[in-house]
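The structure appears right after this line, and notes come after that.
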Amino acid sequence: MAAMVRRQRPRRLACWALMAVLLADLLALSDTLAVMSVDLGSESMKVAIVKPGVPMEIVLNKESRRKTPVTVTLKENERFFGDSAASMAIKNPKATLRYFQHLLGKQENNPHVALYRARFPEHELGFDPQRQTVYFQISPQLQFSPEEVLSMLLNYSRSLAEDFAEQPIKDAVITVPAFFNQAERRAVLQAARMAGLKVLQLINDNTATALSYGVFRRKDINTTAQNIMFYDMGAGSTVCTIVTYQTVKTKDSGVQPQLQIRGVGFDRTLGGLEMELRLREHLARLFNEQRKGQRAKDVRENPRAMAKLLREANRLKTVLSANADHMAQIEGLMDDVDFKAKVTRAEFEDLCADLFERVPGPVQQALQSAEMKLDEIEQVILVGGATRVPKVQEVLLKAVGKEELGKNINADEAAAMGAVYQAAALSKAFKVKPFVVRDAVIYPILVEFTREVEEEPGVHSLKHNKRILFSRMGPYPQRKVITFNRYSHDFNFHINYGDLGFLGPEDLRVFGSQNLTTVKLKGVGESFRKYPDYESKGIKAHFNLDESGVLSLDRVESVFETLVEDSPEEESTLTSKMSVHTCACVCERVSLCAFQGGGQALPLGLGVESRPSSPLSVWVFFFLELGNTISSLFGGGATPDAKENGTDSVQEEEEGPAEGSKDEPGEQAELKEEADSPTEDASPPPPPEPKGSAAPEGEKTTEKDDGEKPEAQKPSDKGEAGFESVPPAPEEEKKQKPARKQRMVEEIGVELVVLDLPDLPEDELARSAQKLQDLTLRDLEKQEREKAANSLEAFIFETQDKLYQPEYQEVSTEEQREDISGKLSATSSWLEDEGFGATTAMLKEKLAELRKLCQGLFFRVEERKKWPERLSALDSLLNHSSMFLKGARLIPEMDQIFTEVEMTTLEKVINETWVIPASIHNPARWAVLGSVGDAEKWRGRPESCV
């Protein structure tokens with residue numbers, strides 16, 4: 001018995017340790033149970049949340065609207081957002097910023113910066129010489145970069161989501177246009193970092209829309225591929241996307257639906273804003289013609305008047321979508337002169353004729369990039385507010401050759417709903433039905449380098465090489481490793497965009513720099529000197545194109561190999577078993593695990609899917625294996641029937657042949673490439689080469705499969721994560737182990753020179769974040785003070801009005817009312833004279849004094865309201881007591897169970913209590929009850945006590 005107790009203790013300790021880890025993990029998750037998505041449009045934004053009990057919901061703003069204008073007003077002492085800022089655009093157009101996303105990630109010489117100046121001349125754009133970008137100069141002391149303005153807006157969207165969710169939120173998925181390049185995406189991430197948001201993913205808005213469409217039509221997706229075209233024309237740009245839906249077999253979840261982006265076409269400046277600007281110009285011309293003989297100034301020189309015209313143009317465009325004509329009218333447009341003019345839909349279409357001619361352009365681009373024909377498209381679905389213009393639908397319908405256009409999706413909220421579904425899928429706090437998303441690379445990325453070659457004996461020359469890293473329309477996220485085989489000294493290589501021939505000349509100018517980064521490697525020669533007897537396997541550069549579409553260089557390594565003989569010494573049981581299973585739990589994807597003890601399995605799936613590198617998964621397996629190992633050492637091993645807990649291994653990176661230019665086949669020997677396909681890839685991995693067919697070094701690379709394990713069960717540097725428990729070998733095999741390969745990896749120093757747009761340095765980023773935090777605290781303090789002042793003012797007016805109401809006069813004397821009224825008047829005068837300079841604490845203190853003064857009065861009124869119900873209950877109790885007393889006195893003396901003293905006492909209490917209700921209706925008696933304590937003492941006492 002004692003031996004069995006000793007055997008159970010280690011496992012019991014492991015159980016307690018496991019429960020403690022689980023509890024800590026759940027407590028950590030409790031603070032981040034809600035996630036949000038922000039659909040950032042050019043004109044407006046939509047915010048959605050997911051929290052327990054609220055699956056997917058659009059957040060209402062303070063005006064109870066589902067859509068919030070992307071507008072920020074910045075003044076010296078206050079800020080306004082959303083609808084409040086939009087209303088300030090008329091009063092203070094210079095301080096009201098709109099469409100500032102068009103400046104993200106762009107240098108001062110970009111055509112879009114000049115276009116922004118032409119569209120909004122009221123804004124003064126300063127020049128930042130360090131980054132070659134622009135910033136908004138609101139005043140000599142007030143200036144903000146576009147990233148800082150976007151950060152303010154993101155922080156405001158988070159406050160809306162937190163108020164709606166009633167809990168703090170840090171995790172978010174943000175939508176960006178599909179045509180955003182690396183610089184623009186990094187700018188959005190920096191803005192989110194300033195706002196203190198943890199960005200789970202930057203998702204393309206077309207991908208989010210496609211995901212929302214697929215999630216709500218999950219049952220209609222099958223093995224047959226369905227090609228859907230989404231035509232999204234918003235306020236600032238137009239994007240056309242071809243998406244293929246079908247079910248695929250995944251490694252982790254079986255058969256699941258998948259969407260794959262097949263083709264994308266876009267126009268950066270085609271949208272509702274350009275139509276409104278054309279209408280604004282038309283209205284300005286009409287107004288100037290009406291005042292032509294009055295020697296009046298040009299309305300275009302008045303920023304306030306132009307802001308009014310732009311707002312009217314927006315309304316006019318919306319109305320003309322449903323009506324053939326409409327009257328534009330503005331009161332007091334300029335110099336107190338009203339404006340009124342009739343505009344027809346035909347005139348509007350003539351103004352935007354060249355814009356409507358550009359409508360089919362994105363469709364053709366999308367078809368070319370997808371290498372598809374219109375016959376293969378099953379349906380064309382409209383997204384975005386500008387698609388409601390009838391002429392846009394007419395031209396698009398003719399371009400796609402369909403019978404009708406699909407309008408079976410919420411054009412305004414689809415992207416926000418798709419993004420919040422992705423946020424829930426990426427969050428640790430929720431488990432959603434899997435939906436495989438395969439996004440596509442819009443701009444190809446390649447690596448360029450030069451090396452010295454010997455064309456003839458003794459004749460050396462430099463040869464320029466290009467290798468495509470991420471091809472156009474290739475899926476992402478993915479990791480790739482490029483191996484440089486012929487370098488033994490420090491060298492540089494360049495990361496640039498690939499062939500951008502699909503962009504027009506104007507689009508190329510807007511695109512900006514086509515050079516991304518120069519990578520300078522340091523320490524290559526030193527690594528070769530450190531391992532002179534080892535065989536070099538090349539310099540490996542690990543690249544990562546993450547879920548947000550942002551490229552990064554994870555690390556650069558110099559890899560060496562040599563043959564060594566294994567030591568006959570055997571590893572300890574504890575070390576070998578724990579190392580195998582601990583490594584396995586790090587690399588494997590775990591969604592359900594079990595602790596096997598006593599022949600039973602304890603499930604640990606808590607509705608939260610653990611990620612591949614989840615600390616919970618690591619510690620769970622660590623403590624489980626620790627308990628099993630310690631138990632086995634003390635003779636308490638598992639029963640023979642207990643099966644070993646394990647999951648399928650996941651292959652992180654595949655090694656494939658290098659992608660080189662077709663005209664230089666000989667250069668493929670210099671680079672190796674390892675592609676990390678998306679986790680849930682439907683395509684099977686390439687078949688492994690037979691072990692016996694060794695490829696010549698420098699001519700082609702080998703491909704490794706999950707099943708191929710190193711001899712010593714040691715993971716290689718290429719990310720293979722297959723682990724198995726190997727039974728102990730016999731003594732004869734231990735003594736005759738063959739030589740194995742030993743791999744040595746040396747980290748190489750990397751210096752990155754960013755060429756497209758330098759990121760903000762860490763110190764400047766910290767200063768910007770602190771500046772925005774100070775502004776937020778200032779706004780909160782201002783809101784708190786305004787709330788305190790409003791509460792004090794409302795209390796004064798309400799109480800002064802109550803003093804003349806009958807119900808308050810009945811429970812108070814004239815003297816009491818005059819005293820309260822005098823104090824209220826004095827506080828009101830103080831608030832008018834000195835209240836503007838009063839602090840929040842002073843306002844709250846004044847309010848507390850007044851409430852304390854009126855506490856007794858308010859209590860007596862409330863008590864009087866409750867007395868009818870209480871008197872009714874007391875009357876019923878007295879009637880029942882009287883009937884009981886009469887019945888008791890009728891009992892014969894022989895059967896009497898009550899004494900005469902008891903019945904007399906009861907009769908006395910009944911008679912004394914009957915007197916109290918008669919005195920309650922006397923107001924004079926209520927006036928002397930000055931406090932809660934007096935009323936409590938008075939209750940239940942005879943009239944003589946009152």
Side-chain angles (χ1 to χ4, degrees), residues 61-63 72-85 87-88 91-92 95 138-139 141-142 144 152 155-156 158-160 162-164 166-168 195-196 769-805 807-809 811-863 929-934:
N61 60 17
K62 296 179 180 179
E63 290 76 19
V72 181
T73 299
L74 301 172
K75 301 174 71 175
E76 291 293 341
N77 298 320
E78 54 188 347
R79 298 184 301 173
F80 299 95
F81 300 95
D83 292 289
S84 301
S87 63
M88 293 290 295
K91 300 177 183 178
N92 196 345
I138 309 298
S139 67
Q141 295 79 24
L142 210 61
F144 297 97
M152 297 179 195
N155 192 47
Y156 174 71
R158 178 174 62 178
S159 67
L160 293 178
E162 289 179 342
D163 292 342
F164 193 83
E166 299 179 345
Q167 60 178 290
Q770 186 61 43
K771 178 171 68 172
L772 299 181
Q773 187 177 0
D774 294 341
L775 291 175
T776 302
L777 292 176
R778 188 193 67 183
D779 292 345
L780 292 176
E781 291 175 359
K782 181 184 175 184
Q783 293 173 8
E784 189 70 18
R785 187 196 174 280
E786 291 177 351
K787 183 178 178 181
N790 292 336
S791 299
L792 178 59
E793 189 175 9
F795 183 84
I796 292 173
F797 288 127
E798 290 176 3
T799 308
Q800 285 177 338
D801 182 62
K802 289 176 180 178
L803 291 178
Y804 297 97
Q805 296 177 6
E807 57 182 352
Y808 286 85
Q809 291 182 349
V811 297
S812 61
T813 63
E814 185 69 25
E815 182 182 354
Q816 289 175 336
R817 291 194 296 272
E818 289 180 357
D819 181 40
I820 294 175
S821 179
K823 294 287 181 62
L824 292 174
S825 300
T827 306
S828 178
S829 301
W830 173 85
L831 188 61
E832 292 178 0
D833 298 337
E834 305 177 16
F836 294 102
T839 63
T840 306
M842 294 172 62
L843 295 171
K844 289 183 177 180
E845 184 179 354
K846 291 284 185 182
L847 180 59
E849 291 176 359
L850 293 179
R851 283 178 174 170
K852 185 177 181 181
L853 176 66
C854 303
Q855 181 180 5
L857 176 63
F858 293 159
F859 171 78
R860 292 195 294 272
V861 173
E862 290 299 320
E863 282 293 301
L929 301 178
S931 66
V932 179
D934 294 337

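Because the structure is a prediction, the values reported are computed rather than measured.
- With values rounded to the nearest 0.5 angstrom, Leu775 atom CG is found 8.0 Å from Leu74 atom CG.
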Margin query: Could you go through Arg817 and Glu814, starting from their C-alpha distance and side-chain angles, then the distance that decides it, and tell me whether this counts as salt bridge (charged side-chain N to carboxylate O under 4.0 Å, His left out)?
Written below: CA-CA 5 Å; Arg817 291 194 296 272; Glu814 185 69 25; 2.8 Å; yes
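- At least one donor-acceptor pair under 3.5 Å links the side chain of Ser159 to the backbone N or O of Tyr156.
- Taking NZ from Lys846 and CG from Leu792, the interatomic distance works out to 9.0 Å, rounded to the nearest 0.5 Å.
- The side-chain heavy atoms of Glu793 and Leu831, taken from C-beta on, include a pair separated by under 4.5 Å.
- A distance-only check finds a donor-acceptor pair linking the side chain of Ser825 to the backbone of Ser821 [under 3.5 Å].
- For the residue pair Leu857 and Ser812, the shortest heavy atom distance occurs at CD1-CB, 3.7 Å.
- Rounded to the nearest 0.5 Å, atoms CD (Glu781) and CG (Leu777) are 6.5 Å apart.
- The minimum heavy-atom distance between Ala95 and Ile138, with the atom names listed, is CB-CG2, 4.2 Å.
- The side-chain heavy atoms of Arg79 and Thr776, taken from C-beta on, include a pair separated by under 4.5 Å.
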Checklist line | Stepwise side chain to side chain contact (heavy atoms under 4.5 Å, CB included) test for Glu849 and Glu845 | finding: CA-CA 6 Å; Glu849 291 176 359; Glu845 184 179 354; 3.9 Å; yes
Checklist line | Residue pair Gln783, Asp779: steps toward the side-chain hydrogen bond (donor to acceptor under 3.5 Å, both in side chains) verdict | finding: CA-CA 6 Å; Gln783 293 173 8; Asp779 292 345; 5.9 Å; no
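- In this structure, Ser791 OG and Ile796 CD1 are separated by 11.0 Å, a value rounded to the nearest 0.5 Å.
- Arg785 and Gly837 make their closest contact through NH2-N, 4.2 Å (heavy atoms, listed as atom of the first residue, atom of the second, distance).
- When every heavy atom of Glu63 is checked against every heavy atom of Asp83, the shortest pair comes out as OE1-OD2, 3.3 Å.
- Within the 4.5 Å cutoff, the side chain of Asp801 has no heavy atoms near those of the Glu798 side chain.
- Residue-environment remark: NZ (Lys823) stays at or below the threshold of 12 foreign heavy atoms within 6.0 Å.
- For Ala788 against Leu843, the heavy-atom pair with the smallest separation is CB-CB, 4.0 Å.
- No side-chain heavy atom of Leu850 sits under 4.5 Å from any side-chain heavy atom of Thr799.
- At distances below 3.5 Å, at least one donor-acceptor pair connects side-chain atoms of Ser87 with backbone N or O atoms of Ser84.
- Classified by interplanar angle (parallel below 30°, tilted 30° to 60°, perpendicular above 60°), the ring pair Phe858/Tyr808 is perpendicular.
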Note to self: Set out, in order, the CA-CA distance, both residues' side-chain angles and the distance that settles side chain to side chain contact (heavy atoms under 4.5 Å, CB included) for Arg158 and Asn155, then state yes or no.
What the structure shows: CA-CA 5 Å; Arg158 178 174 62 178; Asn155 192 47; 2.9 Å; yes
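- The shortest non-hydrogen separation linking Ile820 to Cys854 is CG2-SG, 3.6 Å.
- Using a cutoff of 4.0 Å between basic side-chain nitrogens and carboxylate oxygens, Glu784 and Lys787 are not scored as salt-bridged.
- Heavy-atom neighbours of Lys91 NZ from other residues, nucleotides or ligands within 6.0 Å: at or below the threshold of 12.
- One finds the NZ atom of Lys802 at 14.5 Å from the CZ atom of Phe797 (value rounded to the nearest 0.5 Å).
- Side-chain N or O atoms of Glu78 include none that pairs as donor or acceptor with a backbone N or O of Lys75 at under 3.5 Å.
- Gln855 contributes atom CD, which lies 11.0 Å from atom CZ of Arg860 (distance to the nearest 0.5 angstrom).
- In this structure, a donor-acceptor pair under 3.5 Å is absent between the side chains of Asn790 and Glu786.
- No donor-acceptor pair under 3.5 Å is formed between the side chain of Asp819 and the backbone N or O of Glu815.
- Other residues, nucleotides and ligands contribute over 12 non-hydrogen atoms within 6.0 Å of the CD atom of Gln805.
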